[in-house]
Each structure stands twice: as C-alpha cells, then as structure tokens.
2 protein chains.
Amino acid sequence: MKRKLTLKSIAKEMDVSISTVSKALRDSPEISEETREKIKAYAKLYNYKPNNIALSLKNRKTNTIGVIIPQIVHHFFTTVIRGIEAEARENNYNVIICLSNNDFDKEVLNMELLANGSTDGFILSVSKETMQKEDYHHLNEVIEQGMPVVMFDRVVEGIPCDRVLINDTQGAKKGVTHMIRSGCRKIGIITSEDYVSVGRLRTEGYLDAHDDFGIEVDENRILKLDNIDDLDESAKKRIKTFIENNDLDGLFTVNELFAVYAARVIAKAGKTVPDDISIVCFTDGELSEHMMPSITAVSQHGEEMGRKAASILINKLERPEDETEEYGTSYIETSLIERESTRKLNR
Amino acid sequence: MKRKLTLKSIAKEMDVSISTVSKALRDSPEISEETREKIKAYAKLYNYKPNNIALSLKNRKTNTIGVIIPQIVHHFFTTVIRGIEAEARENNYNVIICLSNNDFDKEVLNMELLANGSTDGFILSVSKETMQKEDYHHLNEVIEQGMPVVMFDRVVEGIPCDRVLINDTQGAKKGVTHMIRSGCRKIGIITSEDYVSVGRLRTEGYLDAHDDFGIEVDENRILKLDNIDDLDESAKKRIKTFIENNDLDGLFTVNELFAVYAARVIAKAGKTVPDDISIVCFTDGELSEHMMPSITAVSQHGEEMGRKAASILINKLERPEDETEEYGTSYIETSLIERESTRKLNR
DNA sequence: CAACTTAACTTAATCGATTTAGTTAATTAA
DNA sequence: TTAATTAACTAAATCGATTAAGTTAAGTTG
C-alpha cells in the first residue's frame with residue numbers, strides 16, 4: 001500500500017522544512033527558483049494533493065454544502081439535487097446529501113451532524129413532520145452559528161434565511177386556466193391539507209383561476225389529502241369516492257401520483273380523457289410524460305431551482321462578512337407542458 | 001453570532017486545561033468526579049459537540065462514504081442511494097454523493113477530490129464513457145492508497161474490489177419463463193447491443209428461458225438498441241417497426257421506458273394487453289407500477305443493493321488491517337412483480 | 001521522617017496544512 | 001570595516017481534538 005504524500009513526507013525526502021515545501025508549491029517568492037522547481041517536480045511526479053480535511057480545519061471552511069431533503073425517490077427532488085450538484089461543482093464545492101424521510105428527528109440529527117464542521121451552509125426542504133411540529137430550533141441554531149441556510153420548495157416562515165420557491169400559486173393557476181379556456185366548467189382539485197405550504201398555495205391558484213373567470217367554486221370539488229408525497233390506501237379510497245361522487249369535466253392534482261391514480265378511476269368509470277374529463281397535474285416527471293394518455297403538467301424546473309439555491313448559498317459563503325442580514329425570496333417560474341390529457345385550445 | 005464552543009473555549013471559561021475538558025467529557029477516571037460533572041454540565045448547557053473535521057484529521061478517518069453514480073435522475077440509482085444512506089446512517093457513516101453524468105473526466109475528478117481526505121472509501125457504478133475507454137487508473141489509484149472500493153451494477157473486470165450485482169440473466173429468465181408458462185409462444189425482446197453488459201446478460205436470460213422449454217427462438221424477435229439508458233427518436237422508430245412487423249404474443253424489455261413506449265405502439269395497433277400480447281420489463285419503477293395496464297416487472301431491489309454495497313464497504317473500513325486481499329461478488333436476487341400486463345397462471 | 005504512591009491535573013506531541021515570525025549567511029552601503 | 005539589507009530558509013503557532021508523558025501536592029508506607 002502506497003501511503004499518501006504529505007508536506008511532511010516530501011520535506012523529509014527533499015531534506016528541507018515543511019514550510020519550504022508548502023511555500024514552494026504555492027509559488028512563494030521566498031523560495032529560490034531552483035528549490036521551487038525541484039519540489040514542484042517531485043510533487044507532480046508523485047501526484048501530491050493536499051489533504052482536504054487538514055485544509056478545512058486550517059481555513060475553517062469545508063467548501064461543502066449540506067443538502068437535506070425529505071425524500072430522494074422523488075423525481076422533483078432528484079432534479080433539484082442535480083441542479084445543486086452542477087452549480088456546486090462549477091464553484092468548487094462539494095455536496096453532502098442527507099435524507100430526512102419526512103421525519104423530524106432525522107432532520108434535526110442530520111443537521112446537527114453536518115453542522116459540526118462538515119459543511120459551510122445548508123440547502124433544505126423541510127420535512128412534513130417539521131412543518132406540523134413547527135419546531136425550527138435546529139434551523140435557528142445553525143443560522144445563529146453563522147451558517148447560511150437556503151430553503152427551497154417546502155419552506156417555513158420566520159427563519160432568517162433565503163428562500164427559493166416555485167411560483168406554486170401561479171403554476172396551479174396556469175394549469176386550471178388552461179382547462180377553463182378549453183371549456184371545462186366543473187373542475188375538481190386533489191390537493192393537500194393547508195399546513196403543507198405547497199398544497200395550500202396550489203389550492204389558492206386553483207381558486208384564483210376560477211375567480212378570474214368569475215366561476216363559482218363548489219367546495220365539494222376540493223379534496224384535501226393528508227399526504228402530498230405518496231399515495232397510500234386511504235388516499236386511494238378517498239380519490240375514488242371523490243371522482244365517483246363528483247360530476248367533473250376537469251381535474252387538477254398537486255402531484256403526478258394523484259393524477260395517475262385518478263386517471264385509473266376515471267377509466268374504470270368508463271369515461272375518457274380528455275373528452276369527458278381533462279387532467280392537469282403539478283410536477284413534470286416521467287409518469288405524466290409516459291402515461292396513456294400522457295398528462296398535461298405544470299413543470300417545476302427543479303434543476304433550475306437547485307442551481308438557484310446553490311448559487312445563492314455559495315454567494316453568501318464567498319462574501320461572509322457581508323452581513324447585511326438581508327434575506328430574499330426567489331421564485332422559479334413554472335411552465336405548462338401541454339400533452340394528451342387536455343383538449344387543444346382553438347386560438 | 002454565537003461562536004461554536006470548542007474544548008479551548010470551555011477550558012478557558014472553566015479555568016482548566018484543554019485536556020482536562022477533553023478527558024472530563026470522555027469520562028476519564030483521571031479527572032475528579034466533581035470537575036467532571038461541572039464540565040459536563042457546562043458542555044451540555046451550551047450544547048457542545050466536537051468538531052468533526054478536527055476528529056477526522058486526528059483519527060485519520062472521516063466516517064464518510066463517497067458514492068459516485070452516472071445519474072441520479074434514474075429511479076434505480078435513486079433507490080440504491082436510499083439503501084446506501086440507510087445502511088450508512090445506521091452505522092454512523094456520512095454519505096457524499098457525486099454525479100459523473102456518464103462522463104469519464106468528471107468521474108476521475110470527483111474521485112480525486114473525495115480521495116484527498118474527504119472519504120474513507122467508495123461505492124460506485126462506473127460511467128458509460130469509462131467502460132468504453134477502459135481507463136481505470138483512478139480506481140486503481142485510490143485502491144492503491146488503501147481506500148476500499150465497492151462497485152455495483154455497472155462493474156468492470158480486473159479491479160481489486162468487491163462487487164454487488166443484479167442477477168440479470170436469472171431475472172430476465174424469470175420474466176420470460178412467466179410469459180411462456182402463461183401460454184405465450186411468440187415472445188419478442190427489446191434489449192441492447194451486447195457490449196452493454198446488462199443488456200447482454202438479460203438477452204441471455206431470454207434465450208435460456210426458451211431453451212428450458214425447448215422453444216426455438218426466432219432471431220427476428222430480438223431487437224438490439226444502442227442505448228439502454230434513454231429512449232431517443234431513432235429508438236422509438238425501431239421499436240415501432242419491430243412491434244408492427246412481428247406477430248408477437250409476448251414482449252420482454254430490458255427497461256421500463258422501452259416497455260412503456262411499446263405499450264403505446266401496441267395500443268395504437270388496436271391490440272390489448274395482456275389478452276393479445278403480454279408485457280414484462282426489467283426494473284420495477286414508478287412507471288411500470290402506475291401505467292394502465294400496470295406492467296409486470298422484474299424488480300432489481302435497488303435499496304437492498306445499496307444496503308449490501310454499503311455494508312460490505314463499512315465492514316472493510318471497520319476492520320482495516322484485515323488485508324486478506326480477498327474480493328467477492330455478491331448477487332442481489334430479482335423478483336417478479338406480477339401486474340396487469342401478463343395473464344394469471346392457472347396453477 | 002524519608003521514600004514511595006496516587007489523585008488530579010497540565011504539557012506537549014500529533015493529525016496535515018498554512019503563515020507569521022524568526023534565523024542565518026551573503027551582499028551592499030556608509 | 002562595520003552596520004544594514006536581503007535572499008532563502010526554518011521554527012513555531014494555529015485550526016480543534018486526543019492522548020502519552022510529565023508535574024505537582026497530598027497521602028501512605030516502612
């Protein structure tokens with residue numbers, strides 16, 4: 001086993017002091033041209049690379065971003081990570097990803113772990129449980145210690161940090177408006193309870209769209225489920241009853257899964273999409289793209305979101321004592337991807 | 001801004017030496033009961049947590065696993081990561097994930113970066129470009145430096161490391177056998193050219209299944225595409241012609257995407273699944289689960305694979321000088337998830 | 001009472017790198 | 001010739017933690 005080179009081992013080999021080696025490698029004029037070249041040649045030959053850990057300790061800077069997300073088995077988060085990764089890499093930052101599994105304790109644990117020197121800052125989307133508990137001491141703690149935090153997608157109020165958000169309200173409004181324009185008048189929505197911020201905002205967009213066209217909203221056409229992340233048996237049952245008991249000609253859902261399952265119920269009921277009922281869902285993932293019929297979707301541009309979040313964080317990290325204590329909220333615009341589940345507009 | 005506590009700052013505050021603090025916190029009998037309790041109380045009150053970076057440097061152990069994968073926007077890799085994450089967390093390890101985007105240079109760069117002290121070992125699935133180039137110097141280098149490596153799914157030969165693989169041949173065989181048992185006799189396969197290892201192995205399984213039942217294989221029923229990772233326009237065209245020109249009663253595909261597109265072509269041709277034609281695909285992802293009809297799939301158990309890979313790596317890391325220099329290959333068994341795209345067997 | 005233990009600490013080395021503050025010997029200026 | 005300057009290094013502090021190796025003062029033993 002070949003041991004890794006260190007300044008010390010090089011110094012010993014070349015019979016100079018450690019600081020001479022360090023300075024030579026950093027092209028310090030304090031070291032003679034001759035010695036410098038000799039040391040650099042040696043270092044290159046044996047492929048010396050400084051130890052990151054030692055550098056982190058010395059510089060009190062890890063050049064690492066901690067990312068904490070509820071789930072990774074989720075196309076949206078996956079695309080966000082990709083964006084964060086890309087932006088980080090371009091700026092010479094590492095990325096450590098931790099999953100909270102929507103569990104409050106795990107979120108706290110992960111943050112504490114990473115906060116003890118492993119990362120310079122955080123990008124996170126808070127877990128559902130955290131939102132319910134409204135306990136943000138772990139966030140405030142790391143911020144208090146001077147580590148900047150950028151929240152994305154699932155954000156909470158009252159934390160001194162930057163935010164990157166999908167324009168959820170407008171996205172939902174775009175989708176619902178599209179259906180209204182195509183002639184739908186009895187549009188239902190499958191969304192989440194209001195404590196999940198994205199659910200609440202998308203419901204708002206749904207209402208806004210109706211408002212714009214002066215269409216009254218029937219409360220029965222709004223289904224609020226507990227969980228926005230997955231589709232359990234109880235959710236399936238509620239969606240089934242919801243579809244069966246409502247005479248809808250349009251359906252908006254806050255995620256793909258709900259749309260896909262609803263499509264199943266609709267097909268079983270002998271109705272066709274989009275002739276009898278149109279469908280639009282939030283999130284442009286693989287499901288909506290490949291379903292038959294494919295589903296018109298509000299694309300979230302996750303990668304762009306990830307890049308934005310990373311870029312904001314890195315900016316804060318690079319100019320540390322620029323403590324203006326000002327925090328902003330950036331919005332990522334959505335776009336409507338028209339597919340087979342909605343009727344074409346005749347413009 | 002509240003500065004983080006260090007042993008030094010505690011020592012100063014309590015008017016003792018740094019080592020007294022360290023020892024007190026680690027319950028050393030060298031320190032009197034009284035002092036110990038006082039220091040521990042103080043540390044607890046102000047929530048002292050040792051700095052990971054300093055510990056890593058001192059212990060020459062980061063308790064971090066580096067994961068390098070070609071893509072994250074891929075359900076399979078996503079599940080593998082989840083498994084790695086879970087296993088790592090249970091054993092007190094961190095996970096750093098880097099994406100190679102199937103790019104050789106990025107794979108090398110990422111490895112070098114992480115190898116300089118950031119991680120204790122690696123779990124990786126090599127990029128397509130690396131396989132083509134057959135340049136594995138970066139792998140050999142980190143191994144040479146004593147960092148264990150575990151390769152999964154996309155592995156290459158001749159590297160001294162452990163491997164975790166899907167039993168591809170057997171998986172494909174299971175799927176095809178199921179269709180044969182359910183009465184199919186004209187089964188087609190959409191696979192990849194032989195140079196992609198997983199494609200070749202799955203084709204083998206397809207042939208094996210036929211062999212077992214003494215069924216002759218018609219060469220025309222085998223479609224080999226260039227790319228196994230995505231579905232481009234040329235692939236779509238070839239799949240379309242393939243389906244239309246073959247009178248099939250069963251279809252096996254090496255991934256979900258091919259199956260989903262084939263299902264589209266089949267539906268357009270006015271045939272129904274599974275009555276006219278059965279479909280089984282490799283990979284159990286969201287697509288096969290939610291399609292209508294849902295698609296019977298050979299599940300790869302990505303999470304189990306991730307756990308296995310992490311567990312092997314951690315084992316090596318925990319018993320370092322157990323240098324038996326023995327490397328093993330573990331196989332993750334596949335399982336068939338029966339869904340709506342195949343006929344039920346009457347047993 | 002001198003020699004020896006022991007309890008309870010503190011000093012200092014270490015991990016690997018950077019950097020400030022010395023230290024030489026040679027060169028230049030006065 | 002002597003002081004001042006400079007080139008080219010080296011020593012030592014530092015980041016934050018651990019730990020082997022001292023160091024005291026008190027208590028114990030013969």
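Convention: sequence-line order gives letters A, B, ...; per-chain numbering from 1. This structure is a prediction, so every number in the text was calculated from the model and none was measured.
For B:K61 and D:dA17, the NZ to C1' distance is 17 Å, given to the nearest whole Å. Between A:D15 atom CG and D:dA8 atom P there is a gap of 18 Å when expressed in whole angstrom units. Remark: P of D:dA8 and CE of A:M14 are 16 Å apart, rounded to the nearest angstrom. Distance, B:N63 CG to D:dA17 P: 17 Å, rounded to whole Å. In this structure, B:I31 atom CD1 and D:dT18 atom P are separated by 13 Å, rounded to whole Å.
Residue A:Y331 qualifies as open at atom OH: its count of foreign heavy atoms under 6.0 Å is 12 or below. The environment of NZ in B:K12 is sparse: at most 12 heavy-atom neighbours from other residues, nucleotides or ligands sit within 6.0 Å. Heavy atoms of other residues, nucleotides or ligands lying less than 6.0 angstrom from CG of A:D15 number 12 at most.
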Can you give me the N/O atom pairs linking the protein to nucleotides 21-28 of chain D at distances under 3.5 Å, or say none if there are none?
none

All N/O contacts under 3.5 Å from nucleotides 13-16 of chain D to the protein, with atom names and distances to one decimal?
residue: D:dT14; atom: O2; partner: A:K58; partner atom: NZ; Å: 3.2
residue: D:dC15; atom: OP2; partner: B:K8; partner atom: NZ; Å: 2.9
residue: D:dC15; atom: O3'; partner: A:R60; partner atom: NE; Å: 3.0
residue: D:dC15; atom: O2; partner: A:K58; partner atom: N; Å: 3.4
residue: D:dG16; atom: OP1; partner: A:R60; partner atom: NH2; Å: 3.1
residue: D:dG16; atom: N2; partner: B:A54; partner atom: O; Å: 3.3

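At the phosphate of D:dT18, OP1 or OP2 sits under 4.0 Å from a side-chain N or O atom of B:S22. Note on A:R26: every side-chain N or O is 4.0 Å or more away from OP1 and OP2 of C:dA17. Note on A:R36: every side-chain N or O is 4.0 Å or more away from OP1 and OP2 of D:dA8. OP1 and OP2 of C:dT11 both lie 4.0 Å or more from every side-chain N or O belonging to B:S17.
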Evaluate side chain to side chain contact (heavy atoms under 4.5 Å, CB included) for B:K308 paired with B:E304, printing each intermediate quantity in order. CA-CA 6 Å; B:K308 183 79 186 175; B:E304 194 189 322; 5.7 Å; no
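At a threshold of 4.0 angstrom between heavy atoms, the contacts of B:T20 include nucleobase atoms, whether or not backbone atoms are also involved. Within the nucleic acid shown, B:S56 has no heavy atom closer than 4.0 Å to any nucleic acid atom.
Looking at B:T130 and B:H138, their side chains come closer than 4.5 Å, going by heavy atoms from C-beta outward. Here the side chains of A:Y136 and A:V126 are not in contact, with every heavy-atom distance at 4.5 Å or above.
Counting only residues at least two apart or on different chains, the ring pair (Phe, Tyr, Trp, His ring centres under 6.0 Å) pairs with a member in residues 24-63 of chain A are A:Y42-A:Y46.
When each of B:T62, B:N52, B:N51 is checked for a side-chain hydrogen bond (donor to acceptor under 3.5 Å, both in side chains) with A:S118, only B:N52 meets the rule.
Remark: B:N101 CG to A:R82 CZ distance equals 6.0 Å, nearest 0.5 Å.
Each of B:I18 and A:S19 was matched to the nucleotide of DNA chain D holding its nearest heavy atom; the match closer to the 5' end belongs to A:S19.
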